[in-house]
Amino acid sequence: MPERKRVLTGDRPTGKLHLGHYVGSLANRIALQDEHDLFLLVANLHALTTKTDTANQLENIHTLVLDQLAAGIDPEKATFYLQSDVPEIAELGVILSMLVTHSMATNVPTLKEVLRDLNIESPSMGLIVYPVLMAADILIGKAHVVPVGKDQTSHLELAREVARRFNTTYGDMFPVPEALIPKDSGTLPGLDGKAKMSKSLGNDIKLSDDPATVEAKVMEMYTDPNHVHVNDPGSVEGNVVFTFLDIFDVNKAEVADLKEHYRKGGLGDVVIKKRLAAVLNEFLEPMRARRAELEKNPDQIKEVLRAGTEKMRLIARATLEEVKEKMRINYLA
Ligand code: TRP
């Protein structure tokens, strides 16, 4: 039997997941879980690189796992694990940092974006070594494929370079991990029409929003500012309601008719918004049902994360032993 590909990815636990996360990554994880060994990291050390305040960490860790299970990731198929409870990752990070020059780390475009967006004048060492720790996350699991967003491309490049450097310096051992980056359709716009749905922009619909909240948010969605009266011709392009209908409404023929009607004039925003709210609520309904089930027994989340973390530790220990052997630093072994 051919060996199953090991797919590994993760997120910083920073709060509730939204529809943008679903479209951009969760849908893909759900699709991958049947045919691959899927490892899902809760990157809580990475979360500290820009926010040392840990008041919400426990809650955010819980939420990240709960949201993914509610979304349809099966804990029997995917392995969830907690970064700070796999200490081998940090140890491998220190070792790998010797193979990364200071300028390689500081030239990562993603770092520059974070410094600019968060107005950080003096980054911590933790933030500088972010990509090295991420390389350790990936290499400790000997992952073949790493699904990530476009913003993570430079981090993946660095991880690939680290794998190659290790392999040429100490002998072949790491697969050079491949990035799996969603096409542009992987980005969902925000309610306000901005390019990206994001928590910090406050333009999101959470996977855990209740039906009334979803409806209220949809009613505020950006449509066509020139579509003032019902009978005015309206624009479908750049109209967030239609972008969402294209993604979530399974009845493509009806959506096509609605678009035509809207372009001609005579179709009001409220009508298409009501339809979208109903479509989204139907889409979210199975997640609500699973969430309600999971919330009956909150310990389940901890059990899933504990079991996955134990499984990952065995893999991590074996990898680290092999690393030390290859590097000939295993004198006491
Ligand atoms: N940097 C990733 C992000 O912000 C999260 C992450 C940490 C990750 N370690 C990883 C993703 C390893 C994939 C593999 O989205």
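Counting starts at 1 for both ligands and their atoms, following the listed order. The residues of the chain are indexed from 1 along the displayed sequence.
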Between ligand 1 and the protein, find all N/O pairs closer than 3.5 Å and give the distance for each.
| residue | atom | partner | partner atom | Å |
| --- | --- | --- | --- | --- |
| ligand 1 | 1 (N) | Y130 | OH | 2.6 |
| ligand 1 | 1 (N) | Q152 | OE1 | 2.9 |
| ligand 1 | 4 (O) | R12 | NE | 3.1 |
| ligand 1 | 4 (O) | R12 | NH2 | 3.4 |
| ligand 1 | 4 (O) | Y130 | OH | 3.2 |
| ligand 1 | 4 (O) | Q152 | NE2 | 3.4 |
| ligand 1 | 9 (N) | D137 | OD2 | 2.7 |

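Ring-plane geometry between F174 and F166 is classed as perpendicular, the angle between the planes exceeding 60 degrees on a 0 to 90 degree scale with a lower cut at 30.
Side-chain N/O atoms of N203 and Y222 include no donor and acceptor closer than 3.5 Å. One side chain, K311 or T79, offers a donor N or O that lies under 3.5 Å from an acceptor on the other.
Sequence neighbours left out, the pairs with a member in residues 280-331 that pass ring pair (Phe, Tyr, Trp, His ring centres under 6.0 Å) are Y22-F283, F248-F283.
The ring pair (Phe, Tyr, Trp, His ring centres under 6.0 Å) search around H144 returns none, not counting sequence neighbours. A search for salt bridge (Lys or Arg N to Asp or Glu O under 4.0 Å) contacts involving E88 returns R313, R317, not counting sequence neighbours.
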